Amino acid sequence: MAAFSAAYIAWTLRSPVGVVLAVAVPLLVLRLPVTGVVLVAVLAQEIKPNGRFGVLTTLGYQTFVSTGKIPVALPLALTAALAAAVRWWPPARPRLRSTGGVLVGAAAALVVLSVVAGLLHGQSPFSAVNQNARPFVLLLLGLVIGMSLRLLRDDRRSVGPTVGVALCLLLVAAAVAIPLGEIADDRLSAYFVYYDSALPAIAAAVFIGMLGDDGWRWDWRHLGVLTAAPLLVLISFRRSVWLAALAAFLVVLVLTWPRWRRIARQVAVVVPVLAVITLAAPGFAADLGLRSAGSFELSGSAASPTSSPSPTSSPSGTPTASGTPGANAGPPASGKPSPSGKPSPSGKPSPSGKPSPSGKPSPSGKPSPTGTPSPSGSTGAGSGPSSTPTRPAPNQRAEESIKHQTESTAGHLSDLRLGWDYVREHVWTGVGPQSPQLPGLAARDATRVYVHNELLQDWLRYGPLGPVLVLLFLVTAGLAALRAVRDPASDVVVRSAAAFCLIAPLCLMTAPFLAETSRWPLVLGIAAGIVAPLLLTRDRPARPGGDGAGEGVS
């Protein structure tokens with residue numbers, strides 16, 4: 001599998017850099033399975049370079065959505081899982097009746113459900129696995145990798161510092177990208193760089209995990225990571241991550257109240273630094289304020305069912321290479337479903353639900369490899385970068401920013417209402433994983449049904465069992481995360497993983513990241529595996545702690 005990963009990377013990145021990565025990355029994953037995969041998951045952005053998304057902005061994109069049928073992250077994760085399993089010798093006995101056993105069972109059931117649903121709706125076995133089950137396979141592999149961390153002594157020492165260095169490197173890349181104009185969309189801000197929502201979620205989790213750490217040192221390394229993490233959250237500008245991170249922070253603060261003095265000192269140092277950087281950068285604070293205000297300025301026309309949010313209704317996560325657009329796509333021109341509220345007998349949306357001419361895919365009839373429309377509203381053509389548009393005047397950009405956020409919020413709220421209406425019409429069967437996009441839903445360029453909510457989308461694709469299994473996984477991982485946060489033996493890696501398990505559920509309520517991306521399920525699986533180990537060992541390690549604080553003794 002490592003040889004296959006190396007060959008696949010070399011074929012995907014046909015350059016000297018690709019040859020170096022083809023040798024280095026698989027070797028790193030074989031030597032340090034957890035550290036290697038986590039490093040790839042942190043660095044790689046799941047969004048395609050084009051005229052508005054520069055090379056620095058989309059660093060590592062090829063490791064997730066490549067020119068091939070599958071993302072390189074999948075064989076790398078499989079390589080890491082196999083390499084970790086080999087290191088379980090002498091064999092470690094699994095506790096199936098445990099939190100980890102529930103997580104593995106839920107993830108495996110999601111894989112089976114998505115494959116069976118695809119076969120029943122006429123998909124080929126390869127299509128059912130690659131298009132439907134692939135994110136859940138990554139979730140399962142992530143669990144195996146994360147659960148192995150407590151058995152891999154070298155990984156336990158290296159994974160924390162490696163993630164910290166990677167986050168600092170990403171911030172340096174952003175500092176270079178901003179003055180060079182390598183930003184996500186200069187119509188909205190000159191500072192918002194990373195539009196892949198998994199990055200700010202990881203950064204927020206690391207920030208929360210570092211607060212109150214027993215191993216904290218007041219040196220430049222710890223302070224650098226503690227400052228870089230929230231800065232990445234700001235320049236990514238992901239409102240759902242902001243709210244989810246705030247909720248997770250409050251939960252962790254309550255559960256770790258005895259450490260409040262240490263946490264308060266760390267926050268007291270970081271907050272003024274962030275304020276100085278934000279106010280010193282020309283226009284940064286204004287851009288943050290404008291887009292934040294636009295999130296709440298829902299006029300009557302924007303919030304009404306008949307409104308027409310623009311194709312850039314939300315810069316959400318990039319989906320898999322199956323061609324399903326991300327949350328960038330807006331609803332059809334009419335904004336309404338067909339009179340019956342159902343798709344036409346042919347399975348296609350009614351004429352009123354067809355995408356507007358501006359929302360058509362590229363002339364080839366295929367979406368871009370990421371499936372994400374460009375910020376201008378048309379799908380990203382795979383022919384290459386488009387010319388960079390002229391930067392608008394400040395006043396015009398402010399108006400566009402507020403309008404963009406208002407329409408984005410309206411599109412998300414409309415999807416919740418309309419998606420629930422469709423669920424009630426198809427309670428027991430859903431509409432199938434390959435159903436065309438339903439009329440009125442915001443992602444109007446989607447090649448199959450796409451709703452800005454993980455539970456609603458899984459229900460429509462796989463029936464009621466889909467959201468039940470997802471809820472089971474999220475609740476179980478969340479409870480394990482709460483126990484890990486309260487455990488005094490939990491180190492910064494375990495607490496960061498726990499924070500991610502608390503952040504992810506709220507983010508999934510705004511977009512189907514779990515079923516539509518590769519990065520989110522992989523990271524969530526690793527984080528859940530760390531806080532809920534499945535394997536028993538002869539001796540209990542002092543660190544990391546977590547859900548297995550009392551389970552690890554045989």
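Because the structure is a prediction, the values reported are computed rather than measured.
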Side-chain heavy-atom pair W520, S197 within 4.5 angstrom cut-off: yes
According to the salt bridge (Lys or Arg N to Asp or Glu O under 4.0 Å) rule, which pairs have a member within residues 243-257, sequence neighbours left out? none
Measure up the Y462 and F136 rings against each other and bin them: parallel (under 30°), tilted (30 to 60°), perpendicular (over 60°). perpendicular
Sequence-distant partners of A228, side-chain contact (heavy atoms from CB on, under 4.5 Å), two or more places apart: C168, L171
Any donor-acceptor pair under 3.5 Å from D415 side chain to V451 backbone: no
Which heavy atom in V34 sits nearest to a heavy atom in D155, and how many Å separate them? N-OD2, 3.4 Å
Euclidean distance, Q266 CD relative to F207 CZ, rounded to 0.5 Å: 8.0 Å
Note: A41 and I202 closest approach over all heavy atoms is O-CD1, 4.1 Å
Test item: L143 and F473 side chains (from C-beta on) under 4.5 Å apart, heavy atoms: yes
Can you find a heavy atom in the side chain of V252 that is under 4.5 Å from one in the side chain of W257? no
Side chain to side chain contact (heavy atoms under 4.5 Å, CB included) for I208 and F500? Distances and angles first, verdict last. CA-CA 9 Å; I208 295 172; F500 191 88; over 6 Å; no
State, with a plain yes or no, whether a side-chain heavy atom of V269 is found less than 4.5 Å away from one of W218. yes
To the nearest 0.5 angstrom, please state how far the CG atom of L514 sits from the CG atom of D458. 7.0 Å
Step by step, would you call V102 with L472 a side chain to side chain contact (heavy atoms under 4.5 Å, CB included)? CA-CA 8 Å; V102 174; L472 176 62; 4.0 Å; yes
Tell me, please, which residues at least two apart from R262 pass salt bridge (Lys or Arg N to Asp or Glu O under 4.0 Å). D214
How would you list, by chain and number, every residue that makes a side-chain hydrogen bond (donor to acceptor under 3.5 Å, both in side chains) with S158, sequence neighbours excluded? T35
Looking at D219 and R221, does any basic side-chain N land under 4.0 Å from a carboxylate oxygen? yes
Can you see which heavy atom on A285 is nearest to which on L279, and at what distance? CB-CD2, 4.0 Å
Any residue meeting salt bridge (Lys or Arg N to Asp or Glu O under 4.0 Å) with R265, in chain and number order, not counting sequence neighbours: none
All heavy atoms of L469 vs all of A109, minimum pair found to be CD1-CB, 3.7 Å
Which distance, rounded to the nearest 0.5 Å, do you find between the CZ of R495 and the CD1 of I530? 13.0 Å
Show every salt bridge (Lys or Arg N to Asp or Glu O under 4.0 Å) that has at least one partner inside residues 519-535, sequence neighbours left out. D196-R519
Could you give me the CA-CA distance, side-chain angles and deciding distance for L199 and L167, then say whether side chain to side chain contact (heavy atoms under 4.5 Å, CB included) is met? CA-CA 9 Å; L199 174 64; L167 292 178; 4.2 Å; yes
Decide salt bridge (Lys or Arg N to Asp or Glu O under 4.0 Å) for E516 and R461; before the verdict, give the C-alpha distance in whole Å, the side-chain angles of both, and the deciding distance to 0.1 Å. CA-CA 12 Å; E516 283 298 326; R461 287 187 178 181; 2.6 Å; yes
Report yes if some heavy atom in the side chain of M509 is under 4.5 Å from a heavy atom in the side chain of L455; otherwise report no. yes
Taking only residues two or more places apart in sequence, or in another chain, which ones meet S148 in a side-chain hydrogen bond (donor to acceptor under 3.5 Å, both in side chains)? W88
Taking all heavy atoms of C501 and all of V531, pick out the closest pair and write down the distance. SG-CG2, 4.2 Å
The criterion is side-chain hydrogen bond (donor to acceptor under 3.5 Å, both in side chains); which residues satisfy it with T79, sequence neighbours excluded? S5
Which of parallel (below 30°), tilted (30 to 60°) and perpendicular (above 60°) describes F4 and Y8? parallel
Who passes side-chain hydrogen bond (donor to acceptor under 3.5 Å, both in side chains) against R157, sequence neighbours left out? D154
What's the verdict on side chain to side chain contact (heavy atoms under 4.5 Å, CB included) for V165 and L169, showing C-alpha distance, side-chain angles and the deciding distance? CA-CA 6 Å; V165 171; L169 288 176; 4.1 Å; yes
Whether the side chain of E46 engages the backbone of T517 through a donor-acceptor N/O pair (distance < 3.5 Å, no angle test) should be reported. no
F513 CZ to H452 NE2 distance, which is reported to the nearest 0.5 Å: 8.5 Å
Donor-acceptor check, side chain of S490 to backbone of A484, threshold 3.5 angstrom: yes or no? yes
Got a sec, which pairs hit salt bridge (Lys or Arg N to Asp or Glu O under 4.0 Å) with one end in residues 164-177, sequence neighbours left out? none
With a 4.5 Å heavy-atom cut-off, do V38 and V523 have their side chains touching? no
What distance separates L524 CG from C507 SG, expressed to the nearest 0.5 Å? 10.5 Å
Rounded at 0.5 Å granularity, tell me how far CG in D213 sits from OG1 in T256. 11.5 Å
Side chains of P33 and R87: does their closest heavy-atom pair fall under 4.5 Å? yes
Looking at residues at least two apart in the chain, or sitting in another chain, which of them share a side-chain contact (heavy atoms from CB on, under 4.5 Å) with A24? none
Flag, side chain of W242 to backbone of V233, donor-acceptor distance under 3.5 Å: yes
Under the rule for side-chain contact (heavy atoms from CB on, under 4.5 Å), what residues qualify as partners of V251, not counting sequence neighbours? L255, L482, L502
Please check if the side chain of Y191 supplies one atom and the backbone of T278 the other of a donor-acceptor pair under 3.5 Å. no
Closest non-hydrogen atom pair between T227 and V273, with its separation: CG2-CG1, 3.8 Å
Do T99 and R483 have side-chain N/O donor and acceptor atoms under 3.5 Å apart? yes
Non-hydrogen side-chain atoms of V37 and L32 separated by less than 4.5 Å: no
